[in-house]
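Right, one structure below, let's go through it.
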4 protein chains.
Amino acid sequence: MKNTATLLITCPDAKGIVASIADFLYQHNANILHADQHQDAENNLFLMRVEWDLTSFNLDVAAFGQSFAPIAAKFNMEWQLKLSQHKTRVAIMVSQYDHCLADLLHRHKSGELACEIPVVISNHRDTEALVKFYGIDFHYIPITKENKSDAEATQFGLFDSYDIDLIVLARYMQILSPDFVARYPQKIINIHHSFLPAFIGARPYHRAFERGVKLIGATSHYVTEVLDEGPIIEQDIDRISHRDQVEDLIQKGRDLERIVLSKAVRWHIENRILLYANKTVIFD
Amino acid sequence: MKNTATLLITCPDAKGIVASIADFLYQHNANILHADQHQDAENNLFLMRVEWDLTSFNLDVAAFGQSFAPIAAKFNMEWQLKLSQHKTRVAIMVSQYDHCLADLLHRHKSGELACEIPVVISNHRDTEALVKFYGIDFHYIPITKENKSDAEATQFGLFDSYDIDLIVLARYMQILSPDFVARYPQKIINIHHSFLPAFIGARPYHRAFERGVKLIGATSHYVTEVLDEGPIIEQDIDRISHRDQVEDLIQKGRDLERIVLSKAVRWHIENRILLYANKTVIFD
Amino acid sequence: MKNTATLLITCPDAKGIVASIADFLYQHNANILHADQHQDAENNLFLMRVEWDLTSFNLDVAAFGQSFAPIAAKFNMEWQLKLSQHKTRVAIMVSQYDHCLADLLHRHKSGELACEIPVVISNHRDTEALVKFYGIDFHYIPITKENKSDAEATQFGLFDSYDIDLIVLARYMQILSPDFVARYPQKIINIHHSFLPAFIGARPYHRAFERGVKLIGATSHYVTEVLDEGPIIEQDIDRISHRDQVEDLIQKGRDLERIVLSKAVRWHIENRILLYANKTVIFD
Amino acid sequence: MKNTATLLITCPDAKGIVASIADFLYQHNANILHADQHQDAENNLFLMRVEWDLTSFNLDVAAFGQSFAPIAAKFNMEWQLKLSQHKTRVAIMVSQYDHCLADLLHRHKSGELACEIPVVISNHRDTEALVKFYGIDFHYIPITKENKSDAEATQFGLFDSYDIDLIVLARYMQILSPDFVARYPQKIINIHHSFLPAFIGARPYHRAFERGVKLIGATSHYVTEVLDEGPIIEQDIDRISHRDQVEDLIQKGRDLERIVLSKAVRWHIENRILLYANKTVIFD
């Protein structure tokens with residue numbers, strides 16, 4: 001089983017950053033597996049992802065922070081260290097459309113998604129049998145105007161008790177409260193069934209059909225306080241023609257949604273995503 | 001040289017339409033080369049394109065209308081008859097970016113676009129040498145706030161004297177007056193450098209960059225009175241990443257613009273486009 | 001529930017075919033829903049698909065053949081009449097990779113595939129639980145060099161008893177005998193994990209990796225006597241880079257395989273495919 | 001004007017490479033603009049591209065080799081240093097199809113290709129006017145079975161006198177002699193009008209049409225001694241249907257060829273391509 005550490009860094013660009021990091025890792029006998037970096041000239045930012053094998057690493061990982069602190073301080077870095085042995089714990093939220101859910105569960109079982117999925121939460125019972133087939137806990141939490149706040153409190157309790165790191169909205173057809181969104185910054189991934197920023201909001205396939213576009217799209221993004229305005233993680237499109245009715249758009253869209261959402265989840269749990277200026281950098 | 005007729009029909013859907021048209025063409029010994037039709041259930045519309053070789057057609061084309069009138073009346077058809085021997089006469093309007101212009105001129109010379117291009121009009125002199133290299137008349141008509149109305153009047157005069165059927169805006173960076181648009185309904189094709197309806201208006205690549213989209217697009221459409229809201233003819237996209245700066249978006253976009261605009265022009269001059277409900281049907 | 005008839009026709013091209021068919025359908029009060037046709041100039045062939053609502057059709061469908069016979073004879077047609085009320089009965093064959101199987105079963109349950117899937121046959125037990133979850137019979141038929149002929153005989157028996165119309169090889173890693181292939185002409189669909197005709201045969205992803213291609217593909221096709229040479233139904237590709245190892249190609253390929261195979265199955269069961277000259281015409 | 005140095009490195013993978021290079025550049029006050037690296041686990045190779053601004057670089061570039069020699073020796077590096085102030089000098093060879101040529105010349109004039117194009121060589125006179133319009137020397141060198149060796153000698157002489165760094169075969173329909181190929185290793189880029197390795201050799205569009213593929217492609221690659229087997233630089237595809245005849249494939253293919261060839265040329269002249277194991281790494 002893979003035993004690696006991944007270091008994610010964001011800081012103002014400056015001379016000597018790479019030299020410092022590379023030297024630090026070399027001094028501690030790290031066997032670097034992947035390194036990727038990005039410099040954003042406009043914002044004068046330096047972003048880096050480096051992953052190394054821990055087998056020969058001579059630094060106690062618990063003490064990493066202390067040893068790395070002088071470098072981090074010198075370059076004013078924001079940094080995170082992720083260990084492959086700690087698998088991200090994912091909660092999936094879903095309503096009635098189950099295509100994204102079924103896709104994620106199958107990918108997870110196939111080993112494509114290196115995370116834990118201990119729980120699925122739904123405001124409908126439609127997906128219960130499927131979830132249980134995969135041996136995952138299912139919680140039915142219906143949502144009404146009246147109970148929304150209580151329902152979310154119940155959800156928060158579940159996230160706590162299952163020790164959840166990431167919430168995936170796999171066609172969850174409820175708008176989260178500002179409080180919900182604020183509690184889990186950069187920890188909620190949504191799939192929107194249009195090529196954002198086109199067709200923000202409800203019924204995007206119907207509006208795409210009415211506008212007569214020649215391509216439909218899907219967008220996965222982090223959820224922020226403004227609807228459909230969070231940092232975009234991935235997008236894809238498919239071609240349509242006048243022969244396609246709304247139902248055909250919906251059907252073609254399902255394939256886009258599956259692929260676009262699953263890529264976002266995979267990149268997140270593999271620690272490949274860095275955020276800045278409401279954008280994502282994907283170190284694939 | 002090709003000698004065909006193309007009949008384009010739009011009418012309410014009803015039983016017997018195809019039988020009537022097919023029988024009419026058969027009675028007059030038409031050798032059908034291509035036939036395509038579309039039924040829009042929602043709007044109860046029938047749309048058809050049929051092209052036949054005129055060699056053995058036993059009806060005087062001038063008299064076609066008279067012979068076809070009873071069928072057209074019975075089904076309440078709007079119809080147009082186009083002859084391949086009459087080539088569409090195209091005026092291209094351009095400002096300083098010449099990539100779409102150079103592309104159209106080269107395609108035309110290569111035989112890919114079966115039209116005449118007698119004239120190019122520009123509010124700059126940058127493209128004059130290129131246009132003249134291809135043996136095409138070039139008219140320089142500068143535009144200012146003050147002279148806009150006069151400049152358009154001059155343009156209308158040129159369209160008349162060159163007997164223009166289609167106006168192609170190949171990155172012409174001026175907004176046409178309502179009067180201009182109204183004079184040439186479904187006769188003006190524009191290229192917009194975004195995936196409409198995302199990023200309507202100015203500087204779409206800059207806004208795409210700021211929003212952090214993962215795909216950029218281009219859209220060719222007929223010009224109507226509302227900016228960037230006319231019927232979409234073709235769209236395409238290309239993938240970008242965090243490594244792409246605005247300049248890269250602009251460069252990648254040029255390839256999209258060339259292809260998306262040239263397809264729209266080709267489909268128009270080959271009489272493959274029918275309009276309804278602010279949408280296009282492309283009979284390719 | 002939909003109650004339509006679909007007529008598929010192939011014949012030498014000639015004047016009057018469309019008029020004859022359209023007139024025949026009009027005389028019998030057919031409400032045409034979709035009609036599409038193709039003329040292949042090189043082979044002088046005419047191909048057509050027409051689908052109509054049976055509600056108002058005044059001809060006893062059982063007697064259709066008799067009434068249509070004079071037209072069919074006049075134009076030397078090969079024709080088939082398919083009724084939407086008879087759903088295609090599909091057997092899926094699979095080995096250990098279950099991604100295409102899981103995808104087909106989920107699409108079927110979602111209503112995307114208007115067929116019956118009464119049985120899945122496998123030479124491994126890996127997929128048994130999944131198949132039974134969807135309420136479908138599972139038959140385990142191991143294959144060895146020695147028992148291959150007997151195993152196929154057992155399979156033929158199952159196809160008979162389940163009244164199978166179409167066999168889908170959803171990553172079934174066994175080569176069918178010539179006898180098997182000959183028994184089910186144009187009734188076996190396979191998914192090949194390359195962009196045919198590149199990388200015919202075994203281990204295409206490994207060979208694609210070695211060759212250093214920049215795109216990988218998948219191809220669905222009818223199975224004929226020559227390996228991977230049958231008529232191609234659908235193909236798609238995805239982009240790869242030097243960062244992708246063989247495992248990444250395999251993972252990306254799974255998404256292609258799912259989509260390309262499911263489209264082929266859908267088009268087949270919706271009677272949208274006509275064959276000629278070892279090619280397919282897809283009336284989508 | 002840009003004033004940068006680009007260092008390209010290939011060596012066996014080992015700990016400390018990045019630290020050594022980064023430290024070296026930091027010591028000499030390099031302002032790193034872009035850095036990208038790739039580790040090929042299977043072949044135990046490390047590949048890197050790093051580009052820095054020369055403004056503040058405190059090392060005399062002429063002396064770079066001497067200073068860098070100990071690091072290069074320690075890690076057994078193959079390395080090249082490229083200066084942006086030396087623009088690659090490109091000769092284009094072309095026959096009668098001029099779409100790739102016209103595209104390259106227009107991109108060059110637009111500033112998209114940061115190279116010099118002092119000369120175009122053709123075995124036909126068709127493109128002479130176009131080449132001269134862009135102010136470039138044109139040499140007509142007809143090829144026959146008898147004169148091939150002499151003709152190539154003349155070409156070699158031109159490459160010498162124009163001080164050519166890169167030869168681009170922009171639909172040059174002659175097979176180069178082994179001697180020609182051997183003289184210019186990794187210095188000849190060709191465009192092949194298929195998705196290699198499908199349809200190696202002549203008339204790929206005709207063979208794609210006969211096989212009934214659903215996608216056509218184009219491939220740019222370095223020319224090596226075995227026809228169409230050199231390292232692939234870029235590939236792309238477009239979708240076709242039964243409605244497309246061979247002429248349509250050829251037309252659609254032209255757009256692919258233009259884009260795929262121009263990307264290869266751009267990446268080469270921007271020093272973004274490294275070769276190993278008959279494959280390319282593209283540092284884009």
Side-chain angles (χ1 to χ4, degrees), chain A residues 36-43 45 47 194-200 204 206-222 228-247 260 263-264 273-284, chain B residues 36-43 45 47 194-200 204 206-222 228-247 260 263-264 273-284:
Chain A
D36 204 352
Q37 63 197 73
H38 177 61
Q39 290 164 275
D40 185 87
E42 197 175 338
N43 295 287
L45 275 180
L47 305 102
S194 85
F195 178 84
L196 289 175
F199 309 121
I200 287 173
H206 291 78
R207 288 151 63 207
F209 180 75
E210 279 158 29
R211 180 61 185 92
V213 294
K214 299 300 185 184
L215 306 169
I216 55 164
T219 303
S220 53
H221 62 95
Y222 286 112
D228 299 337
E229 295 279 6
I232 292 170
I233 304 172
E234 175 63 339
Q235 302 188 289
D236 206 353
I237 60 94
D238 199 4
R239 189 162 284 278
I240 58 170
S241 81
H242 59 271
R243 283 183 288 269
D244 291 299
Q245 300 300 303
V246 171
E247 298 70 37
V260 164
K263 281 189 180 170
I273 310 180
L274 273 174
L275 281 191
Y276 76 95
N278 204 39
K279 296 188 203 184
T280 60
V281 170
I282 311 292
F283 288 121
D284 62 339
Chain B
D36 204 351
Q37 64 196 73
H38 177 61
Q39 290 165 277
D40 185 86
E42 198 176 336
N43 295 287
L45 275 180
L47 305 102
S194 85
F195 179 84
L196 289 175
F199 308 121
I200 288 174
H206 291 77
R207 288 151 63 207
F209 180 75
E210 280 158 29
R211 179 61 185 93
V213 294
K214 298 299 184 182
L215 306 169
I216 54 164
T219 304
S220 53
H221 63 95
Y222 286 112
D228 299 336
E229 294 279 6
I232 292 171
I233 304 172
E234 175 64 337
Q235 302 187 290
D236 206 353
I237 59 94
D238 199 3
R239 189 162 285 275
I240 58 170
S241 80
H242 59 271
R243 283 184 287 268
D244 291 300
Q245 299 301 302
V246 171
E247 299 69 38
V260 164
K263 282 189 181 171
I273 309 179
L274 272 174
L275 280 192
Y276 75 96
N278 204 40
K279 295 188 203 184
T280 59
V281 170
I282 311 292
F283 288 122
D284 62 341

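First the proteins, then the strands, lettered A, B, ... as listed; each starts at 1.
Residues that satisfy the side chain to side chain donor-acceptor pair (under 3.5 Å) test with A:Ser220, not counting sequence neighbours, are absent from this structure. Residues meeting the side chain to side chain contact (heavy atoms under 4.5 Å, CB included) test with B:Asp244, sequence neighbours left out: B:Ile240, B:Ser241, B:Asp248, B:Leu249, B:Lys252.
In terms of heavy atoms, A:Pro231 sits closest to A:Leu275 at CB-CD2, 3.6 Å.
Counting heavy-atom pairs closer than 4.5 Å to chain B, the top-ranked of the candidates A:Thr280, A:Asn278, A:Thr219, A:Asp40 is A:Thr280. Chain B forms the most heavy-atom pairs under 4.5 Å with one residue out of A:Leu215, A:Ile200, A:Leu47, and that residue is A:Leu215. Between chain A and the residues B:Arg207, B:Arg239, B:Glu210, B:Gln39, the most heavy-atom pairs under 4.5 angstrom are made by B:Arg239. Counting heavy-atom pairs closer than 4.5 Å to chain B, the top-ranked of the candidates A:Ser194, A:Gly230, A:Ala208 is A:Gly230. With respect to chain B, the highest number of heavy-atom pairs below 4.5 Å among A:Lys214, A:Lys279, A:Glu229 belongs to A:Lys214. Taking B:Leu196, B:Ile282, B:Ile237 one by one and counting their heavy-atom pairs under 4.5 Å with chain A, the maximum is reached by B:Ile282.
Atom-to-atom distance recorded for A:Phe209:CZ and B:Glu42:CD is 5.0 Å, nearest 0.5 angstrom.
Residues A:Val213 and B:Pro197 form a side-chain contact, since some pair of their non-hydrogen atoms from C-beta on lies under 4.5 Å apart.
Contact of A:Tyr276 with chain B is not made at all, since no heavy-atom distance falls under 4.5 Å. Contacts between A:Asp36 and chain B at a heavy-atom distance below 4.5 Å involve the side chain alone, from C-beta outward.
Between A:His38 and B:His242, the ring planes are perpendicular. Angles over 60° get that label, and only those under 30° would be called parallel.
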